[in-house]
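Before any comments, here is the structure.
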Protein chains: 2
Amino acid sequence: MILEKKKAFNAFAAAKGLRSTRQRDIILDFFLSTRQHVSVEELYLKIKASHPGIGHATVYRTLKLFTEAGLAREILLNDGQTRYEHVSAGEHHDHLVCTGCNAIIEFEDETIEKLQKEIALLHGFMIKSHKLELYGLCAACRANQ
Amino acid sequence: MILEKKKAFNAFAAAKGLRSTRQRDIILDFFLSTRQHVSVEELYLKIKASHPGIGHATVYRTLKLFTEAGLAREILLNDGQTRYEHVSAGEHHDHLVCTGCNAIIEFEDETIEKLQKEIALLHGFMIKSHKLELYGLCAACRANQ
DNA sequence: CATATATTTGAAATTGAAAATCAAGAACAT
DNA sequence: ATGTTCTTGATTTTCAATTTCAAATATATG
C-alpha cells in the first residue's frame, strides 16, 4: 500500500515534470509511515531528528505537492495549525475533535453526505468540498473531569 | 431588536464589572448594523472611516467580548480570516461558502444535527460545538464559468 | 562523461492575522 | 474633585506559512 502511494506520487511527479529528489523521497517515507493527521511542524521535527539538513520550507512545499497529487488532504482545525491526513481512494471522512486531549477521531456518515448534497442542490450550489467537525470531550476526558 | 442586543451587552458588561466606553458603544453599533459574517478587518475599516481614532486591538478585543456575551459567534473559514456572525437566541446554522465570490449562505438542517448527536453518542463524545461548511460555487458563479 | 539549463533546496526574510505590552487616557466609586 | 482601576491604541511580538534568492542538485544533451 505504501509502495502504491509512492508509485502514485512518482507518476504525478513525472506527469508534472517534477524532479526526483532525495528530500521528497524522505518526506514521503515519513508521511506514509506516520499516523493520520500530522501537523507540518510535527512531521518536520520527526524528519529533522534523522535528517537535520531538511528545511522547513521544503516540508511545507512537499506536503502541498502530496495534496495536489491526491495523497494527502489538508485539515484546518481551530488551532491555527495545518494538519495533513492520508487519502485513501477518494473516501471522505469527518472528524470528532477532543478539546481535552486533542485526539481526532474519524467518522463517516452516508446520510449526512446525502443531506449535504440536497442542501447544495436546493441553493444551486456545486459543492467542491466540505468540512464537518464535532468539537467536544471524548469519553476519557469526560471521565477525568 | 438592536436595542435588545445593546441591553443584553450592557447586562453582560455590568455583570462582569466592565466599564461602559465610547469605543465599545461604537463597535457594537457598527457590528449590529452590519450584515452577517464581518471579518475583523472589514469592521475595523468601516469604523475607522468615521472614527479614525479607534484602534485595531480594540476591535479585536471587543469582538471577543461580544462573543463571550453571546451576541456574536466566531467563524473560521479556510482563508485564515476570523469572521463574526450575529447570534440570535441560541439557534445554530451552518454555511455554504462560495469560493468564487466569497458569498456565505446560511442553512439549517435538523436531521443533520440529530445525526451528529447520534455519532457523538456512539463514540462517547460530549459535543460542545460543531462546524459544517460546504465549499463550492454558488449558482451565479457557476453560470459565469 | 562533461556540460548546460532548469528545478529544487534551505536559510533567512517577509507576510498577515492575532495577541501581548505598556504608557497615556478615561471611567467610576468615593 | 480625586484616586484607583480599567481601557485604549500605538507598537511590538508571536506564530504559522510563504517568499526570496543564491547555492546545490537533477536531468537532458552533446
Side-chain angles (χ1 to χ4, degrees), chain A residues 9-31 37-69 72-84 102, chain B residues 9-31 37-69 72-84 102:
Chain A
F9 181 67
N10 288 338
F12 167 84
K16 264 208 113 185
L18 301 177
R19 293 184 174 170
S20 147
T21 71
R22 199 176 52 84
Q23 287 88 336
R24 295 213 260 245
D25 286 349
I26 292 168
I27 297 170
L28 183 52
D29 274 343
F30 272 83
F31 177 66
H37 313 118
V38 234
S39 71
V40 186
E41 190 61 18
E42 229 178 307
L43 192 63
Y44 167 69
L45 290 175
K46 208 169 285 190
I47 292 173
K48 207 180 165 152
S50 48
H51 302 81
I54 288 187
H56 231 112
T58 305
V59 178
Y60 273 99
R61 281 188 286 235
T62 307
L63 284 170
K64 288 224 172 283
L65 275 185
F66 294 167
T67 304
E68 243 189 280
R73 189 184 292 119
E74 278 192 353
I75 308 289
L76 304 172
L77 302 180
N78 284 349
D79 66 352
Q81 283 230 321
T82 301
R83 263 163 267 259
Y84 286 87
N102 295 313
Chain B
F9 182 67
N10 288 338
F12 167 84
K16 263 209 114 185
L18 301 177
R19 293 184 175 169
S20 147
T21 71
R22 200 176 52 87
Q23 287 89 334
R24 295 213 258 244
D25 287 348
I26 292 168
I27 297 170
L28 183 53
D29 274 343
F30 271 83
F31 176 67
H37 313 116
V38 233
S39 71
V40 185
E41 191 61 20
E42 230 177 305
L43 191 64
Y44 167 69
L45 289 174
K46 209 169 284 188
I47 292 173
K48 206 179 164 149
S50 48
H51 302 81
I54 287 187
H56 233 110
T58 304
V59 179
Y60 274 100
R61 282 188 286 236
T62 307
L63 285 170
K64 288 226 173 279
L65 275 184
F66 294 167
T67 304
E68 245 188 281
R73 189 186 292 119
E74 279 193 352
I75 308 288
L76 304 171
L77 302 180
N78 284 349
D79 66 351
Q81 283 230 323
T82 300
R83 264 162 266 258
Y84 287 87
N102 297 312

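Letters A, B, ... mirror the listed sequences (proteins, then strands); counts begin at 1. All heavy atoms count here, side chains included; hydrogens, waters and symmetry mates do not.
- Remark: A:Ile47 CD1 to A:Gln23 CD distance equals 10.5 Å, nearest 0.5 Å.
- Rounding to the nearest 0.5 Å gives a distance of 13.5 Å between CZ of A:Phe30 and OG1 of A:Thr62.
- Phosphate contact (OP1/OP2 of D:dT7, side-chain N/O of B:Thr58, threshold under 4.0 Å): absent.
- One interatomic measurement links the two molecules: CD of B:Glu74 to P of C:dA19, which rounds to 7 Å at whole-angstrom precision.
- Relative ring orientation between A:Phe31 and A:Phe66 is described as tilted, the plane-to-plane angle lying within the 30° to 60° band.
- In this structure, CG of B:Leu76 is placed 12 Å from C1' of C:dA18, rounded to the nearest angstrom.
- The structure places CD1 of A:Ile27 at 10.5 Å from OH of A:Tyr44, a figure rounded to the nearest 0.5 Å.
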Test B:Leu18 against B:Leu65 for side-chain contact (heavy atoms from CB on, under 4.5 Å), laying out the working first.
CA-CA 10 Å; B:Leu18 301 177; B:Leu65 275 184; 3.9 Å; yes
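- Of all heavy-atom pairs between B:Leu43 and B:Val59, the closest is CD2-CG1, 4.4 Å.
- Atom-to-atom, NZ of B:Lys64 to P of C:dA18 comes out at 8 Å; the value is rounded to the nearest Å.
- If you measure from atom CG of A:Leu65 to atom C1' of D:dA17, you get 15 Å, rounded to the nearest angstrom.
- Contacts between residues 43-55 of chain B and DNA chain D, defined by a heavy-atom separation under 4.0 Å, are made by B:Gly53, B:Ile54, B:Gly55.
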A:Tyr84 vs A:Glu74, test: side-chain contact (heavy atoms from CB on, under 4.5 Å). Steps then yes/no.
CA-CA 5 Å; A:Tyr84 286 87; A:Glu74 278 192 353; 2.9 Å; yes
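- Taking atom CZ of residue B:Arg24 and atom P of nucleotide D:dC6, one finds them 11 Å apart after rounding to whole Å.
- With rounding to the nearest 0.5 Å, the separation of CZ in B:Arg24 from CZ in B:Arg19 is 9.5 Å.
- The interatomic distance linking A:Tyr84 (OH) with D:dA16 (C1') rounds to 11 Å, in whole Å.
- Summarising the geometry, atom OG belonging to B:Ser39 is positioned 9.5 Å from atom CG belonging to B:Leu63; distances are rounded to the nearest 0.5 Å.
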Nucleotide N/O to protein N/O under 3.5 Å, stretch nucleotides 20-26 of chain D:
{"residue": "D:dA26", "atom": "N3", "partner": "A:Arg19", "partner atom": "NH1", "Å": "2.9"}

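- Whole-Å rounding puts the A:Ile26 CD1 to C:dT9 P distance at 10 Å.
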Please list, for nucleotides 28-30 of chain D, all pairs of protein and nucleotide N/O atoms separated by less than 3.5 Å.
none

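- Under the side-chain hydrogen bond (donor to acceptor under 3.5 Å, both in side chains) rule, A:Glu41 has a single partner from A:Gln81, A:Arg83, A:Lys46, A:His56, which is A:His56.
- We find that CD of A:Gln81 is positioned 17 Å from P of D:dT14, with the value rounded to whole Å.
- Between B:Lys64 atom NZ and B:Thr67 atom OG1 the span is 6.5 Å, to the nearest 0.5 Å.
- Among the protein residues, B:Glu41 comes within range of no part of the nucleic acid, since none of its heavy atoms lies under 4.0 Å from any strand.
- A close approach under 4.0 Å does occur between a side-chain nitrogen or oxygen of A:Tyr60 and OP1 or OP2 of D:dA17.
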